[in-house]
*Asks:* 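This is the structure I want to talk about, given as structure tokens.
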Amino acid sequence: MIQLTEIKKTYQTSNGLLCAVDTVSVQISPGEVFGFIGFSGAGKSTLLRCINLLERPDNGAVWVDGENFMSLTKKELLKRRRKIGMVFQHYNLLQNATAFENVAFPLEIAKVAQHERHHRVLQCLQIVGLTEKAHDYPAKLSGGQKQRVAIARAIVTNPKILLCDEPTSALDPQTTQTILQYLKRINKELGITIVLVTHEMEVVRNICDRVSVMEKGKVIETLDMSEETLSPQSELAKYLFTNGGGI
Ligand SMILES: Nc1ncnc2c1ncn2[C@@H]1O[C@H](COP(=O)(O)OP(=O)(O)OP(=O)(O)O)[C@@H](O)[C@H]1O
Ligand SMILES: [Mg+2]
């Protein structure tokens, strides 16, 4: 379980202090696909990065599986982070490494033995349907294929949690569907909890069990997507959910 309690993150900017995340509390259950949606600048990415402390909150607590992440040592935190995969909008692949080498990279860092590494990389490339592209460089892959390599890399260390920051925002609608199908399978078949940031309602409808709507650093509403009739309360949620509004 992921429990964020009264998370606050402020940045010093040339215009003074900017509160990117303002006292957010959210609880995410194991096995859930949990989304954050909101306009640009709402604080979604900052909040997501607070989960594995890539951003350290100024205030509040981050609990993951009963552990207070804020009280871990640097070394302990690095170890925990291996169990939290990350996927980004622009894939963040190493350009001078093949798909195979990209996926193998986290295992090298974790000093996993070569034969085990090899087996595990092939397994993950198979999960995302890219066995045939193992020895291609990113430049030769389509956007969707690059994102599938990034997903394989994110799950190669057997994480319990996958953090996805706008994983489909650079992709066309059809490729978006493909990526969402892979994420769904990873969630269901591998039991990985997914926390996903998006500005696309289609993504929320397609994959999320619950979604928090963010505005100006705050979670203004959380909706359960399994409910037959959603009854959004805030203006922003009404806009998003009733008009199918795009942002
Ligand atoms: N490192 C930083 N230094 C200063 N300000 C920052 C930093 N990171 C984020 N911000 C500011 O914090 C606010 C929230 O940013 P964040 O990237 O979390 O928003 P977002 O909801 O992910 O937006 P987008 O949809 O555009 O990705 C923005 O006003 C942004 O400019
Ligand atoms: Mg963002």
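Both counts, for ligands and for their atoms, begin at 1 and track the order of listing. Residue numbers run from 1 in the order of the sequence given.
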*Asks:* Closest non-hydrogen protein atom to atom 12 (O) of ligand 1, residue and atom name please, with distance?
*Replies:* Ala20 CB, 3.3 Å
*Asks:* Of all the heavy-atom pairs spanning Lys83 and Asn158, show the shortest one and how long it is.
*Replies:* NZ-O, 3.4 Å
*Asks:* Please list the nearest protein heavy atom to atom 21 (O) of ligand 1 with its residue and the distance rounded to 0.1 Å.
*Replies:* Lys44 NZ, 2.8 Å
*Asks:* Thr222 versus Val26: any side-chain heavy-atom pair under 4.5 Å?
*Replies:* no
*Asks:* Look at atom 1 (N) of ligand 1 and say which protein heavy atom is nearest, naming residue and atom and giving the distance to 0.1 Å.
*Replies:* Tyr11 CE2, 3.6 Å
*Asks:* By number and element, which atoms of ligand 1 are closer than 4.0 Å to a non-hydrogen atom of Glu166?
*Replies:* 25 (O)
*Asks:* Would you say the Mg ion (ligand 2) has Thr46 as a near neighbour, meaning an N/O/S atom of that residue under 2.8 Å away?
*Replies:* no
*Asks:* Salt bridge check: are Asp22 and Lys218 linked by an N-O gap of less than 4.0 Å?
*Replies:* yes
*Asks:* Please say whether Ser45 places an N or O atom under 3.5 Å from an N or O atom belonging to ligand 1.
*Replies:* yes
*Asks:* May I ask you to identify the nearest protein heavy atom to atom 18 (O) of ligand 1, giving residue, atom name and distance to one decimal place in Å?
*Replies:* Thr46 OG1, 2.5 Å
*Asks:* Using a 4.5 Å cut-off on heavy atoms from C-beta on, say whether the side chain of Phe36 contacts that of Val219.
*Replies:* yes
*Asks:* Would you say Ser40 and ligand 1 have an N/O pair spaced under 3.5 Å apart?
*Replies:* yes
*Asks:* Closer than 4.0 Å to some heavy atom of Phe39 - which atoms of ligand 1 meet that?
*Replies:* 21 (O)
*Asks:* For Tyr91 and Gln145, test the side chains for any donor-to-acceptor distance below 3.5 angstrom and give the result as yes or no.
*Replies:* no
*Asks:* Take the angle between the ring planes of Phe100 and His135 and call it parallel below 30°, perpendicular above 60°, tilted in between.
*Replies:* parallel
*Asks:* How close do Gln27 and Glu32 get, counting heavy atoms only, and between which atoms?
*Replies:* O-OE1, 4.4 Å
*Asks:* Enumerate the atoms of ligand 1 whose separation from the nearest heavy atom of Leu18 is less than 4.0 angstrom.
*Replies:* 11 (C), 12 (O), 13 (C), 29 (O)
*Asks:* Is there a protein heavy atom at a distance of less than 4.0 Å from atom 14 (C) of ligand 1?
*Replies:* yes
*Asks:* Among Cys50, Gly41, Gly43, Ala42, which residue places a heavy atom closest to atom 23 (O) of ligand 1?
*Replies:* Gly41
*Asks:* Determine whether the side chain, the backbone, both or neither of Val21 has a heavy atom under 4.0 Å from any heavy atom of ligand 1.
*Replies:* neither
*Asks:* What distance do Arg81 atom CZ and Leu163 atom CG have between them, rounded to the nearest 0.5 Å?
*Replies:* 10.5 Å
*Asks:* For the residue pair Met86 and Leu162, what are the closest heavy atoms and their distance?
*Replies:* N-CD1, 4.1 Å
